[in-house]
**Q** 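This structure is in C-alpha cells; I'll ask about it shortly.
Note that this is a predicted model, so its numbers are computed, not measured. Atom set for the values below is all heavy atoms of this structure, side chains included, hydrogens, waters and symmetry mates excluded.
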Amino acid sequence: MIIESGGRRAPLTMLRGQANAGMRYRLTPESVDKMAKEVDDILALYEISPAVRTFGNAAAENWRDSLLDTRTPSVVEELRAVRDRGEEALRDLRMPFKKNEAYRYMSLRRIYNNKFAKNSGEVDPVMVAESEQSEMEGYRVVVVDGKYDASLSSLGKLPSGVYFGGLQGLPEEYKARVFAELEIVPEDIYGSRYWAELNKASLSDAMVVIVPEGVKIEQPVQITFYTTGSDTPGKASSSFPRLVVLSDKDSEGTIYVDHTGDRDANYYSAPVTTVKVDDGAEFNFYYHQHQSEAACHTEVVNATVMNGAKFNWRGILNGGLVGRLNMDVDLKGNDAEAEVMGATLATEGLQSDIHTYILHHGERGTSRQEHRSIVGHKGEGTFRGQIKILKPAIDCDADQQSRALLLSSTGIVNSMPTLVVEPDQVAGAAHGSTVSDLQGEEMFYMLTRGISEDDAKVMLTKGFIRHIIGEFPFEKMRVGLMEKITSIAQSATVHWRYTDLDGSAAEFDRVMGRDEDMAMFG
C-alpha cells in the first residue's frame, strides 16, 4: 500500500516497521515526506528508479503506454480531437486494480502481462467463414481491427435512409449525432469508465447503425468485429471497435454482433457500444463473444431506452482467456422496457465475467434479466448485477435472476445479484441466485432408464442452458455452442449422496465415465 501526501508517496510497510518496534508514529504530511525522502536516498544509493516503489502501477502504466504507442491512424480527421480528449482523460484516471471492488474477481494480471506491436492486418478467411450465419447471408458487415472493411462486407437492399457503415461514408446529416455519441463515456458502479476512455483514446473508426424514424428492418444484419494477430513474434496485438446504434422514433431493427479473431492469437480487444432506442422504437441485439482462448476482452455496452421503447439483448460469452462485459441499461422514459438474457461458458482456465447495471428513471418501466453460467474444469464465471429503481420511478416492475451450474470442483462461480428500490410504490421487484452441480439423484434417474453416463451428463447440462441458446434464431451458432457444451459436460463432476448399510449418510464427488465408479450402485 502507498500513502500519498503533497504529491509524494511512502510505503505503508515503513509505518508497520515503526509499529513493530514499539514506537508511536503520528502520520502527517511532513512525516510522509520525510519517509519518502529516506526511500529516495536508499534508491539513489543503489541507482534504482523511484518507480520501483509501485511495481503494480508501473506494470499497468507500461501496459497502457504500450497500447497507445501502437494505435493506428484515424480514418477521418475529425476523430483526432476525440482521441486526444480520450487520452487526456485516460491518463488522469486510476488504473484498474484487484483492490477496487469493481475488479475484485477479474484477473487483471493476465491483461497487464502483455506488450504490444502493430496488428498484422491479415484476416483468416476460414475464421471469418466460420462465424457467418446463413440466416443473414448477404447482410453482413465486417470490421477488422476496429475499421470498417467494405471489401469483406455485403449488404442487400435495406429500407431508404438506413445506414450501416463506417465514418468515411457517413451522410452529412448524421455526423453531429454520431460524433456526439463518440464523446459519450459510460460511467457506472462497475468501473466502465476506464475501459471506455481507453477505447475513445484509441479510436480509428466507428461502426454506425442508423434506423430512421418509422422504418422497420425485417432482415437481421450481422456485424463481425475481427482482430488480427501481431506482426511481431512474442507481442500481442490490439483493437478498439466502436459501435454506435441510433434507433429513431417508432423504428425497429435487429443486429447480430460477434467478436472473434485469429485462432490461438494473443490479442487484446476493448469494444464500446452505445445504443439509443427512441420513443416507441424496438431494437433487438444478439451478441456472441468467442475470441481466441489466448486473447483478453474488456467491453462496455450502454443502452438508453426512451418513452414506450423496448430493448432486447441476448448474449453468449464463451471465449477469451479473460472476457469481461460491463452492460449498462438506462430506462430513461416512461413505460420503457428492457429484457437482458445472457450466458457464459468457462472452462480450462478461462474467465468469463458479466457486470450489469439497469437503472429505472421513468415511471411504469419493466426490466427482466436472466443470466446463466456453466463452469467446468479450472474455469471461473462471475455475474454481478444491480437493478436500481430511482425514487421518481413509481409502478416499475423489475426481476433479476442468476443461475450457475458448477461442473467441477476446480471451477469457481461468483454470483452477486442486487436490487435497490427507492420508491414505496412498485408493481414488482425480485431477484435471486442459485449455484448447483450435477446431482446424483438426477443422474441415477436417467441411468435407471438406460441412458449412458456421458449422455446423461450432456442432457442435464444442455437442459440447464437450452432456453437461453434457443433465443438465438441462428442454427449454426446454436449447433457450435451445443458442441462446446457437450465437451464440457463429458468431464463433469457428479455429486452423489448415498446411504451405508448402517444407515449413515455420506457425500462425495466422482468424475463419472469409469466402470468402477458405478460398481457400488450396480
Side-chain angles (χ1 to χ4, degrees), residues 79 82 86 141-148 163-167 170 174 177-188 190-211 220-227 239-247 253-261 268-278 281 283-291 297-305 309 311-317 319-320 323-332 338-342 353-359:
L79 207 53
V82 177
V141 175
V142 180
V143 178
V144 178
D145 297 331
K147 294 183 178 181
Y148 170 68
Y163 181 76
F164 278 80
L167 293 178
L170 185 65
Y174 294 141
R177 293 177 63 194
V178 170
F179 275 88
E181 289 292 313
L182 296 180
E183 294 285 357
I184 292 176
V185 177
E187 294 189 59
D188 60 18
Y190 297 132
S192 290
R193 186 183 175 190
Y194 188 86
W195 310 115
E197 292 286 12
L198 178 61
N199 176 279
K200 184 177 176 180
S202 307
L203 282 176
S204 56
D205 196 1
M207 177 65 207
V208 180
V209 176
I210 299 176
V211 186
V221 178
Q222 179 174 355
I223 303 174
T224 297
F225 292 100
Y226 188 96
T227 303
S239 69
F240 302 89
R242 186 65 182 258
L243 174 61
V244 175
V245 177
L246 299 174
S247 182
T254 300
I255 60 174
Y256 166 66
V257 172
D258 71 310
H259 293 271
T260 186
Y268 172 63
S269 177
V272 169
T273 296
T274 56
V275 182
K276 288 287 181 66
V277 189
D278 210 342
F283 201 84
N284 303 302
F285 194 122
Y286 296 96
Y287 171 94
H288 187 198
Q289 188 270 93
H290 52 119
Q291 304 280 24
H297 182 97
T298 60
E299 181 169 4
V300 177
V301 176
N302 176 264
T304 302
V305 189
F311 176 68
N312 303 308
W313 187 88
R314 306 287 186 269
I316 303 286
L317 283 74
R324 169 73 176 253
L325 172 64
N326 281 15
M327 169 171 279
D328 311 317
V329 180
D330 293 333
L331 297 173
K332 290 277 191 182
E339 190 170 65
V340 176
M341 299 180 68
D353 185 336
I354 290 185
H355 281 52
T356 63
Y357 185 50
I358 299 178
L359 191 59

**Q** Taking atom types as modelled and ignoring hydrogens, do the side chains of Asn326 and Arg324 form a donor-acceptor contact shorter than 3.5 angstrom?
**A**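 There is such a pair (donor and acceptor under 3.5 Å, judged by atom type) between the side chains of Asn326 and Arg324.
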**Q** Between Asn199 and Ala270 (side chain of the first, backbone of the second, donor and acceptor by atom type, cut-off under 3.5 Å), is there such a pair?
**A**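 Yes.
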**Q** List the steps and the verdict of side-chain contact (heavy atoms from CB on, under 4.5 Å) for Trp313 and Val275.
**A** CA-CA 11 Å; Trp313 187 88; Val275 182; over 6 Å; no
**Q** In Å and rounded to the nearest 0.5 Å, what is the CD1 to CE distance from Ile358 to Met327?
**A**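 Going from the CD1 atom of Ile358 to the CE atom of Met327 covers 8.5 Å.
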**Q** Compare every heavy atom of Gln289 with every heavy atom of Gly320, then report the nearest pair and how far apart it is.
**A**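 Closest heavy-atom pair between Gly320 and Gln289: N-OE1, 4.0 Å.
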**Q** In chain order, what residues pass the salt bridge (charged side-chain N to carboxylate O under 4.0 Å, His left out) check against Lys276, with sequence neighbours excluded?
**A** Glu181
**Q** Looking at residues at least two apart in the chain, or sitting in another chain, which of them share a side chain to side chain contact (heavy atoms under 4.5 Å, CB included) with Pro186?
**A** Ile184, Ala196, Val300, Asn302, Asp328
**Q** For Val82, does its backbone N or O pair with a side-chain atom of Glu183 as donor and acceptor, under 3.5 Å?
**A**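 Not confirmed, Glu183 side chain does not pair with Val82 backbone.
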**Q** Which residues pass the ring-ring contact (aromatic ring centres under 6.0 Å, His included) test with Phe240, sequence neighbours left out?
**A**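 Residues passing ring-ring contact (aromatic ring centres under 6.0 Å, His included) with Phe240: none at all.
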**Q** Could you walk me through whether Thr356 and Tyr190 pass side chain to side chain donor-acceptor pair (under 3.5 Å), step by step?
**A** CA-CA 8 Å; Thr356 63; Tyr190 297 132; over 6 Å; no
**Q** Phe311 vs Thr304, test: side-chain contact (heavy atoms from CB on, under 4.5 Å). Steps then yes/no.
**A** CA-CA 9 Å; Phe311 176 68; Thr304 302; over 6 Å; no
**Q** Can you list everything that forms a salt bridge (charged side-chain N to carboxylate O under 4.0 Å, His left out) with Glu299? Sequence neighbours excluded, please.
**A** none
**Q** If the test is side chain to side chain donor-acceptor pair (under 3.5 Å), which one of Trp195, Tyr268, Tyr194 qualifies with Thr298?
**A**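 Passing option: Tyr268.
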**Q** List the residues meeting salt bridge (charged side-chain N to carboxylate O under 4.0 Å, His left out) with Asp145, not counting sequence neighbours, and say none if there are none.
**A**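 If we apply the salt bridge (charged side-chain N to carboxylate O under 4.0 Å, His left out) test to Asp145, skipping adjacent residues, there are no hits.
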**Q** List for me each residue that meets salt bridge (charged side-chain N to carboxylate O under 4.0 Å, His left out) alongside Arg193, sequence neighbours excluded, and say none if there are none.
**A**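 With sequence neighbours excluded, Arg193 shows a salt bridge (charged side-chain N to carboxylate O under 4.0 Å, His left out) to Glu197, given in chain and number order.
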**Q** For a quick check under 3.5 Å, do Ser239 and Tyr226 share a side-chain donor-acceptor pair by atom type?
**A** no
**Q** Minimum heavy-atom separation for Met207 and Phe164, please, with both atom names.
**A**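 Closest pair (atom of Met207, atom of Phe164, distance): CE-C, 3.8 Å.
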**Q** Walk me through whether Thr273 and Val257 qualify under side-chain contact (heavy atoms from CB on, under 4.5 Å).
**A** CA-CA 11 Å; Thr273 296; Val257 172; over 6 Å; no
**Q** Over 60° means perpendicular and under 30° means parallel, so classify the ring planes of His297 and His259, tilted if in between.
**A**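 His259 vs His297 ring planes: perpendicular.
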**Q** Just how far is it from atom OH of Tyr286 to atom CG of Asn312, taken to the nearest 0.5 Å?
**A** 7.5 Å
**Q** Please check: side-chain N/O of Tyr163 versus main-chain N/O of Leu170, any donor-acceptor pairing under 3.5 Å?
**A** yes
**Q** CG of Leu317 to CD1 of Ile354: how many Å apart, nearest 0.5 Å?
**A** 4.5 Å
**Q** Check the orientation of His288 and His290. Use parallel for under 30°, tilted for 30 to 60°, and perpendicular for over 60°.
**A** parallel
**Q** Atom OG1 in Thr254, atom CZ in Phe285: separation rounded to 0.5 Å?
**A** 11.5 Å
**Q** With rounding to the nearest 0.5 angstrom, report the OG1 to CG distance, Thr274 to Leu182.
**A** 7.5 Å
**Q** How many angstroms lie between CD1 in Ile255 and CD1 in Ile223, if you round to the nearest 0.5 Å?
**A** 4.5 Å
**Q** Could you check if a side-chain atom of Val143 sits within less than 4.5 angstrom of a side-chain atom of Asp205, using non-hydrogen atoms only?
**A** no
